[in-house]
Protein chains: 2
Amino acid sequence: MVTIKELANILGISTTTVSNVIHGKTSEVSLATVEKVQKLLEEYDYTPNINARNLAQNRSKIIGMALFSNEDKYKNIVADPFFGSLVGAIEKEVRKNNYFFMLYVSDDISEIIRYVSSWNVDGLITVGMNRDEYLKIRGRYKKPIVLIDSYAPKDIMDYVNVGLDDEGGGYIMTKYLIENGHREIAFICDNLEGVDYMRYRGFKKAVGEAGIVFDKKNLIIISPVEGETAVSMSEVYEAAQRVTAMFCCSDNYALQVTNELFARGMDVPGDVSIAGFDDNIFAKVCRPALTTVYQDVDRKGTVAVEKLMAMLRGEENPKDEILPVKIVVRDSVRKL
Amino acid sequence: MVTIKELANILGISTTTVSNVIHGKTSEVSLATVEKVQKLLEEYDYTPNINARNLAQNRSKIIGMALFSNEDKYKNIVADPFFGSLVGAIEKEVRKNNYFFMLYVSDDISEIIRYVSSWNVDGLITVGMNRDEYLKIRGRYKKPIVLIDSYAPKDIMDYVNVGLDDEGGGYIMTKYLIENGHREIAFICDNLEGVDYMRYRGFKKAVGEAGIVFDKKNLIIISPVEGETAVSMSEVYEAAQRVTAMFCCSDNYALQVTNELFARGMDVPGDVSIAGFDDNIFAKVCRPALTTVYQDVDRKGTVAVEKLMAMLRGEENPKDEILPVKIVVRDSVRKL
DNA sequence: GTGAAAGCGCTAACAA
DNA sequence: TTGTTAGCGCTTTCAC
């Protein structure tokens with residue numbers, strides 16, 4: 001690979017001039033030189049050494065994405081369509097803005113901090129981070145951060161979040177179930193924090209408004225840990241005997257549950273209705289096609305990058321953005 | 001962020017010594033100094049500037065993954081479970097080896113070349129690349145490359161490939177269909193190159209061995225371009241009238257096709273049997289659960305990184321690795 | 001056992 | 001309009 005210095009030597013001019021031409025500061029260079037240099041740039045197929053440039057400019061042109069993932073829950077988090085979509089959308093938008101995309105998956109905050117510091121990452125995007133985790137990173141990393149799907153309390157710290165109307169989603173779906181005559185509804189998730197908690201809140205709200213007394217037995221928190229889901233599924237099956245509908249926190253679980261119930265001889269939506277959340281790529285091609293809450297994951301990623309870019313441009317801190325949800329009615333919920 | 005120089009100044013010693021301690025070359029440093037330095041390293045929470053290190057060492061510690069993707073076919077390629085799994089598995093293995101993972105999606109080879117050159121990427125992994133594309137990159141990038149799922153001719157160039165016994169997969173599944181009494185079988189894919197072509201070859205082989213005359217009408221190449229798949233699906237439906245089984249080149253298509261047929265009032269596997277390929281995360285939770293050809297995508301990614309690391313260590317060029325396939329019998333194929 | 005100094009490739013302030 | 005030069009933070013050779 002040719003260097004600026006070498007090119008400068010060939011032409012017997014200074015590196016500054018070459019550098020200026022490279023950066024299009026042609027106003028400071030005579031037309032003749034510009035042409036000479038450009039010809040040579042072409043000829044030698046000059047490619048800048050980004051490490052050198054970064055070092056000189058004290059930046060990196062890297063947008064980092066840190067996925068805070070626990071191996072117990074996700075053997076391979078990117079294989080999950082939700083995270084996969086997010087990764088793809090963010091990479092695309094980052095590239096569009098002439099930055100580079102570096103992915104780092106870890107369940108160790110200090111590892112993530114070391115990574116962003118070492119690389120001098122220009123901006124960071126992270127998903128589902130809670131208060132303590134965010135504070136730790138913030139303490140050591142001073143450049144722009146955009147959180148996705150975070151519900152860390154806003155009063156304690158100042159951050160930019162791109163989220164979803166999770167509570168609204170929980171609410172409209174539950175309302176829909178109720179309107180279809182369901183009163184005994186189970187809520188299925190794998191934790192009660194952040195996003196899932198808000199969906200649950202929406203669920204509770206709709207249930208309350210309908211004057212239904214919610215039996216805590218019907219809140220089923222299944223274990224995502226491999227080897228333990230079998231037990232959880234028995235619990236789900238049991239619940240399916242006493243409810244008429246199950247609202248799952250994600251399409252993944254909705255599919256798993258549907259599958260499990262079929263395997264045990266029940267029919268969906270004949271015996272029990274199932275609703276999901278996300279509207280992932282399989283929601284429409286499974287059978288029964290899933291009635292679910294739609295969210296635009298690609299947009300989530302794109303918006304996150306847009307916010308980051310605005311911050312990088314030095315604009316005033318952007319506001320949070322809460323993306324809307326909508327219900328997608330398909331075939332997994334029946335009218336009673 | 002503290003620099004080595006600053007730490008050296010504080011202690012009134014040279015940067016060399018600090019650097020030596022950092023790199024554990026403690027044999028060259030007195031115990032007393034080692035301890036002094038280590039204490040300071042801790043205290044100031046020293047984090048190396050990777051850009052500087054890379055510049056000095058003429059490397060990058062980055063493993064690049066280039067996805068050669070066309071927007072027509074994939075709006076978001078990482079959202080596809082196959083590519084998502086690959087990305088996740090590769091990132092994980094890269095991290096395990098103390099490298100960093102940079103993803104670059106593009107349909108422009110020269111852009112990819114510019115990217116790897118600029119960053120001085122230490123090793124590159126790329127998927128489904130053909131002969132010309134590979135040659136272009138090879139011409140300008142001299143560091144290790146591992147291809148995944150490539151069928152570029154081996155005689156022309158020297159490269160390392162991690163692939164799958166695609167032909168075998170096509171063969172065993174077709175044989176299974178035939179054993180179950182199917183003789184009119186359609187083959188469905190979206191191209192006839194590389195991986196898909198080999199699966200088709202396996203298909204043809206099994207069909208031939210059974211003495212079945214294959215009617216080219218039953219080779220259906222559907223268009224992946226959005227807006228054109230509807231037309232393709234009509235063709236599929238038409239074919240479903242005259243065949244008893246359809247072998248789809250991917251689970252994605254198998255699900256889409258199944259769904260389409262159901263939508264048009266047919267039953268799977270009642271009216272027509274469907275087989276897939278990949279055994280992706282949804283194959284087992286859809287209904288009917290998909291009879292398909294299993295491949296270990298995570299392993300593909302892991303092995304690719306392992307090969308790259310071996311090359312980086314300067315070991316003799318590793319040999320290609322062809323991962324095995326196996327059939328997974330579920331409910332989408334029925335015995336005639 | 002320790003340090004001085006050159007150099008990686010590029011940028012940018014300043015001088016000419 | 002063009003060139004000189006210092007410096008980004010780190011590694012590494014060589015001398016002491």
Side-chain angles (χ1 to χ4, degrees), chain A residues 1-38 40-41 44-62 98 100 114 116-122 143, chain B residues 1-38 40-41 44-62 98 100 114 116-122 143:
Chain A
M1 284 199 12
V2 245
T3 67
I4 288 191
K5 199 175 171 185
E6 285 165 0
L7 294 181
N9 283 341
I10 294 176
L11 291 175
I13 62 177
S14 80
T15 59
T16 310
T17 306
V18 177
S19 175
N20 277 334
V21 173
I22 290 172
H23 290 90
K25 298 184 187 163
T26 53
S27 59
E28 326 208 325
V29 184
S30 78
L31 194 62
T33 347
V34 169
E35 282 176 351
K36 266 196 311 192
V37 173
Q38 256 159 0
L40 217 60
L41 250 23
Y44 283 83
D45 196 10
Y46 170 77
T47 317
N49 179 322
I50 299 201
N51 274 309
R53 181 179 286 179
N54 289 345
L55 183 60
Q57 301 195 136
N58 188 33
R59 55 139 161 87
S60 69
K61 276 277 161 182
I62 296 174
N98 291 310
F100 295 88
R114 230 177 305 136
V116 290
S117 311
S118 271
W119 279 101
N120 206 349
V121 160
D122 286 341
K143 301 194 183 176
Chain B
M1 284 199 13
V2 244
T3 67
I4 288 191
K5 198 177 172 186
E6 285 164 1
L7 294 181
N9 282 342
I10 294 176
L11 291 175
I13 62 178
S14 80
T15 60
T16 310
T17 305
V18 177
S19 175
N20 277 334
V21 173
I22 289 172
H23 290 89
K25 298 183 187 162
T26 53
S27 59
E28 326 209 323
V29 184
S30 78
L31 195 61
T33 344
V34 169
E35 282 177 351
K36 265 196 310 191
V37 173
Q38 257 160 359
L40 218 61
L41 250 24
Y44 283 83
D45 195 12
Y46 170 77
T47 317
N49 179 322
I50 299 201
N51 274 308
R53 181 178 287 179
N54 289 345
L55 184 59
Q57 302 194 134
N58 188 32
R59 54 135 162 89
S60 69
K61 276 277 161 182
I62 296 174
N98 291 311
F100 294 88
R114 231 177 305 136
V116 289
S117 312
S118 271
W119 279 101
N120 207 349
V121 160
D122 287 341
K143 301 194 184 177

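A note on names: the letters A, B, ... follow the listed sequences, proteins ahead of strands, and every chain is numbered from 1. Keep in mind that what you see is a predicted model, and the values were worked out from it rather than measured.
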J.: Under 4.0 Å between a side-chain N or O of B:Ser14 and OP1 or OP2 of C:dT2?
T.: no
J.: Measuring from the side chain of B:Ala52 (C-beta onward, heavy atoms only), which nucleotide among C:dG9, C:dC10, D:dC10 has the closest atom?
T.: D:dC10
J.: Under a 3.5 Å distance rule, please check whether A:Asp122 uses its side chain to pair with a backbone N or O of A:Ser60 as donor and acceptor.
T.: yes
J.: For B:Ser19 and B:Thr16, does a side-chain donor sit closer than 3.5 Å to a side-chain acceptor?
T.: no
J.: I want to verify a distance call: between C:dC8, C:dC10, D:dC10, whose nearest atom is closest to the B:Arg53 side chain?
T.: D:dC10
J.: For A:Ile50 and D:dC8, what is the distance between atoms CD1 and C1' respectively, to the nearest whole Å?
T.: 16 Å
J.: Does B:Thr16 get its side chain close enough to the base of D:dT12, under 3.5 Å, for a donor-acceptor pair?
T.: yes
J.: Under 4.0 Å: is that the gap between some side-chain N or O of B:Tyr46 and OP1 or OP2 of D:dG9?
T.: no
J.: What is the distance, to the nearest angstrom, from the CG atom on A:Asn54 to the C1' atom on C:dC8?
T.: 14 Å
J.: I'd like to know if the side chain of A:Asn54 pairs up with that of A:Asn120 as donor and acceptor (distance under 3.5 Å, no hydrogens or angles considered).
T.: no
J.: To the nearest Å, how far apart are B:Arg59 CZ and D:dC10 P?
T.: 13 Å
J.: Starting at NZ of B:Lys5 and ending at C1' of D:dG7, how long is that distance when rounded to a whole Å?
T.: 8 Å
J.: Has A:Thr33 got a side-chain N or O lying under 4.0 Å from the OP1 or OP2 atom of D:dT1?
T.: no
J.: Going by modelled atom types, is there a donor-acceptor pair between the base of C:dA4 and the side chain of B:Thr15 at under 3.5 Å?
T.: no
J.: Are the side chain of A:Thr47 and the backbone N or O of B:Ser117 linked by a donor-acceptor pair below 3.5 Å?
T.: no
J.: Just to be sure I understand the rule, does A:Thr17 reach a base, reach only the sugar-phosphate, or reach nothing, if contact means heavy atoms closer than 4.0 Å?
T.: sugar-phosphate
J.: Could you tell me how far apart A:His23 (NE2) and C:dC10 (C1') are, to the nearest whole angstrom?
T.: 8 Å
J.: When the distance from CG of B:Leu11 to P of C:dG1 is rounded to whole Å, what number comes out?
T.: 18 Å
J.: Counting distance only, does the side-chain N/O of A:Glu35 pair as donor-acceptor with the main-chain N or O of A:Ala32 below 3.5 Å?
T.: no
J.: Would you mind reading off the distance between B:Glu6 atom CD and D:dG7 atom C1', rounded to a whole angstrom?
T.: 14 Å
J.: Considering just the side-chain nitrogens and oxygens of A:Ser30, establish if one lies under 4.0 Å of OP1 or OP2 belonging to D:dT1.
T.: no
J.: Give one of base, sugar-phosphate or nothing for A:Asn58, where a contact means two heavy atoms less than 4.0 Å apart.
T.: nothing
J.: Taking only the side-chain nitrogens and oxygens of A:Gln57, find out if one of them lies under 4.0 Å from OP1 or OP2 of C:dA12.
T.: yes
J.: Could you tell me how far apart A:Asn9 (CG) and D:dT4 (P) are, to the nearest whole angstrom?
T.: 11 Å
